[in-house]
Amino acid sequence: MTSPLLVFTTDFGLSDAYAGVMKGVALTINPDLCLIDLTHQILPQNIAQGSFLLGINHRYFPQDAIHVAVVDPGVGTDRRPVLLSTPRGRFVAPDNGLLSGVISGYLESDPTDSGPISLPPELSAVHLTNPEYWRHPVSQTFHGRDVFTPVAAHLSLGVSPEDMGELIDSLVYLPIPQPVQTGGIITGRVIYQDVYGNLVTNISADILMVPKSADVLIKGRSIHGLQSTFNDANGTTNGKLIALAGSHGYLEVAVSNGHAAQFLEVSAGEPVEVVTEPA
Amino acid sequence: MTSPLLVFTTDFGLSDAYAGVMKGVALTINPDLCLIDLTHQILPQNIAQGSFLLGINHRYFPQDAIHVAVVDPGVGTDRRPVLLSTPRGRFVAPDNGLLSGVISGYLESDPTDSGPISLPPELSAVHLTNPEYWRHPVSQTFHGRDVFTPVAAHLSLGVSPEDMGELIDSLVYLPIPQPVQTGGIITGRVIYQDVYGNLVTNISADILMVPKSADVLIKGRSIHGLQSTFNDANGTTNGKLIALAGSHGYLEVAVSNGHAAQFLEVSAGEPVEVVTEPA
Amino acid sequence: MTSPLLVFTTDFGLSDAYAGVMKGVALTINPDLCLIDLTHQILPQNIAQGSFLLGINHRYFPQDAIHVAVVDPGVGTDRRPVLLSTPRGRFVAPDNGLLSGVISGYLESDPTDSGPISLPPELSAVHLTNPEYWRHPVSQTFHGRDVFTPVAAHLSLGVSPEDMGELIDSLVYLPIPQPVQTGGIITGRVIYQDVYGNLVTNISADILMVPKSADVLIKGRSIHGLQSTFNDANGTTNGKLIALAGSHGYLEVAVSNGHAAQFLEVSAGEPVEVVTEPA
């Protein structure tokens, strides 16, 4: 029989035992679980980064996966613990915007302000108020261990969401910065830097948005045209600054066999312009 | 059928393949194992840190878990490989004090000197001398792969501890530094710094020991009163030095949305005083 | 029933979600998989290091393991995706030399030039050309997610290699630097530095090759004789530069309770000489 799947996305890092302890708690409740890490290396307390990575990457997991997502600077305050059910998985998380990237895929248009938004009809949510499914005593500082993981493990045993708290019809939403198009110029920004130093922007790599012949401008440099890979066929491109449609589905700026973030001395937030028509 | 559980706690890090290789060895002996990392990031050869983290965190795992614990600067010398059986799990480890944090929970009072201590009645131990349950050839430098993991995997198959070596009635104990109380002042120290920079002390967060109104002194600074969370409800506390009852069960010093270790320029060993009565 | 085993060896690191996403893709195809990391911390795009670690360490895994190996600077170019079947596991990887360490064990003599080599009779390989077993759309930059992992997951379901592409009889081979013996002197080099700073050389620790009384020369220093452990029995060796037969099966240079790479200021590539007869 297939094991139910829990997927962890947190900012706990791997230096401490926090990630391991959550797995111990999960297996104590349901010893048949399959436990997978999406990542524990969200930048500390960076809800926007967690929202971006979870929004893009939960689509690669089975639709019956239960995600435990914890980037939770407000742990112990009155921010709500919630469960969000979607056609592509269930998510146990603090209600602080961390699930915006997941919710975004179901919205017709992206809100521009932070705050509660009404859930679209494909989604349902529960405010987790029933302490029967928590670990006791509940600490004030580690709800990943004491609330979110126990709830997820009980879900995996078949407990229904309605038993875990009260149905709610809105969640806190943190808008995802959208690129702006003016004439032939799209202005976006770097939203993520990966371990290779590749700079992922918020500009969709959709060919209609960024044609292959576009110029990409970043920190005073101009890159002409999009490459399809990090290297050309004859491998002579070492150290060349390039732009390409990256695996996240967005425009990326990279250096072939190099580190674009260090080379350009930029990080998340840096403006990027795509010029699709010559000035 | 539920898979038997092996939990790894080592100082091997994740940069090398050492942790992965132990899992290969375990699955070669018992392919049905569930393998979980508590952490591989104990500071290199820091037995005291391993003892502290294992002592606190093994309690979150199922009681039938088999723990493989390896912080082993004496590998290849005559330090003994041992198996410790407790009501809260079995532990395969070098006999160098690494299991002190586990044993501590069963002692009536904590010894003050390092050395062998007699085991309390709830615990039993075996000196692992039977090479039938090891991997051969046994290297002189990697008993995690060649002795501890194979023994744990065979245990998971139902081999009895008595078949693996000789019953012993003492293990090496490394005293855990205890805070000292003099009048209204408790003097302890920082024993662990987590990835957020939070400073975990050896002063139990028990309300009888540290009342909420206490003053906490560290590196010339005084913190008045204990917070219950890292942030207050209105989120205006960024950068504030605070003290609180942390999730490990001990008093912690932290900076709201900041890094206390860097802010105070302190690390493990730093003295901390709690003043429960005004001077 | 025992779960089929997938083992990952990549240079993706753990800071991003790349490793986690591959696991999601694998479990979407076969939810019964057991997923293990050998390491995701191969140095970025360092095919030689990946080849070395995979060659040594795959032997510790069950013989029916399916390895997903991705160090792939040429992703998206015309380098071939391949499947290699061996008596000690199957390997899905780019055909760029990454499997040389695995192939090496079946060769009578090691080639000295890079390039295609004919496979020995124990091995068989397939050029993965059948897109039916890939994830679509296939990105140009992340074949670990879109090609290698889906192929491995389908293999675990019993799809035969022949259905996945065309049988081929050669693979790209990247020679593993071999030590040279001249009279009583063996000249090799450091090929790997582990997280402790231990320097692993390419000189086999076989006693016939390196007798215990040999002198080991590195960066102007001479080490007399081989130790059997990192520490001697009385623990007085802190900080001492030593040579020993390491757990990888090769001669290692280390500092007892210290960091040889920092102490000597050397890294991979550094020449090492073993003098087995006095000059």
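Throughout, a chain's letter reflects where its sequence line sits, starting with A, and its residues are numbered from 1. Only a predicted model underlies this, so the values are computations on that prediction, with no experimental measurement involved.
- When all heavy atoms of Thr28(A) and Phe61(B) are compared, the closest pair comes out as OG1-C, 3.5 Å.
- When each of Asn30(A), Leu27(A), Asp32(A) is checked for a side-chain contact (heavy atoms from CB on, under 4.5 Å) with Thr2(B), only Asp32(A) meets the rule.
- With a 4.5 Å cut-off on non-hydrogen atoms, Asp194(B) touches chain A through its backbone and its side chain both.
- Neither the backbone nor the side chain of Ile56(B) comes within contact range of chain A; no heavy atoms are under 4.5 Å apart.
- Between Tyr196(B) and Tyr18(A), the ring-plane angle classifies as tilted under the 30° and 60° cut-offs.
- The minimum heavy-atom distance between Ser15(A) and Val195(B), with the atom names listed, is OG-CG2, 4.2 Å.
- Residue Phe142(A) comes nearest to Ser247(B) through the heavy atom pair CB-CB, 3.5 Å, listed as atom of the first residue, atom of the second, then distance.
- Using a 4.5 Å cut-off between heavy atoms, Ser139(A) touches chain B through its side chain atoms alone.
- At a 4.5 Å heavy-atom cutoff, Leu43(B) makes no contact with chain A through either its backbone or its side chain.
- The closest side-chain heavy-atom distance from Pro73(A) to Asn257(B) is below 4.5 Å.
- When heavy atoms are compared at a cutoff of 4.5 Å, Phe8(B) does not approach chain A at all.
- For chain A, the nearby part of Gln193(B) is the backbone; its heavy atoms alone come within less than 4.5 Å.
- Heavy-atom distances place no part of Arg79(A) under 4.5 Å from chain B, backbone and side chain included.
- Taken from CG in Leu5(B) to NZ in Lys23(A), the straight-line distance is 11.5 Å, to the nearest 0.5 Å.
- In the displayed structure, Arg189(B) atom CZ is contacted under 6.0 Å by at most 12 heavy atoms of other residues, nucleotides or ligands.
- Both the backbone and the side chain of Leu38(B) come within contact range of chain A, each with at least one heavy atom under 4.5 Å from a heavy atom of that chain.
- Among the candidates Ala26(A), Gly13(A), Gly74(A), Pro31(A), the residue making the largest number of heavy-atom pairs closer than 4.5 Å to chain B is Pro31(A).
- Asn57(B) and Ala17(A) make their closest contact through ND2-CB, 3.4 Å (heavy atoms, listed as atom of the first residue, atom of the second, distance).
- With a 4.5 Å cut-off on non-hydrogen atoms, Ile42(B) does not touch chain A at all.
- For Asp146(A), no part lies near chain B; criterion is any non-hydrogen pair under 4.5 Å.
- Closest non-hydrogen pair, Leu14(A) versus Leu14(B), comes out as CD1-CD1, 3.8 Å.
- For the options Leu33(A), Val25(A), Asp11(A), Leu35(A), heavy-atom pairs under 4.5 Å to chain B are most numerous at Asp11(A).
- Of the two parts of Ile29(A), neither the backbone nor the side chain holds a non-hydrogen atom closer than 4.5 Å to a non-hydrogen atom of chain B.
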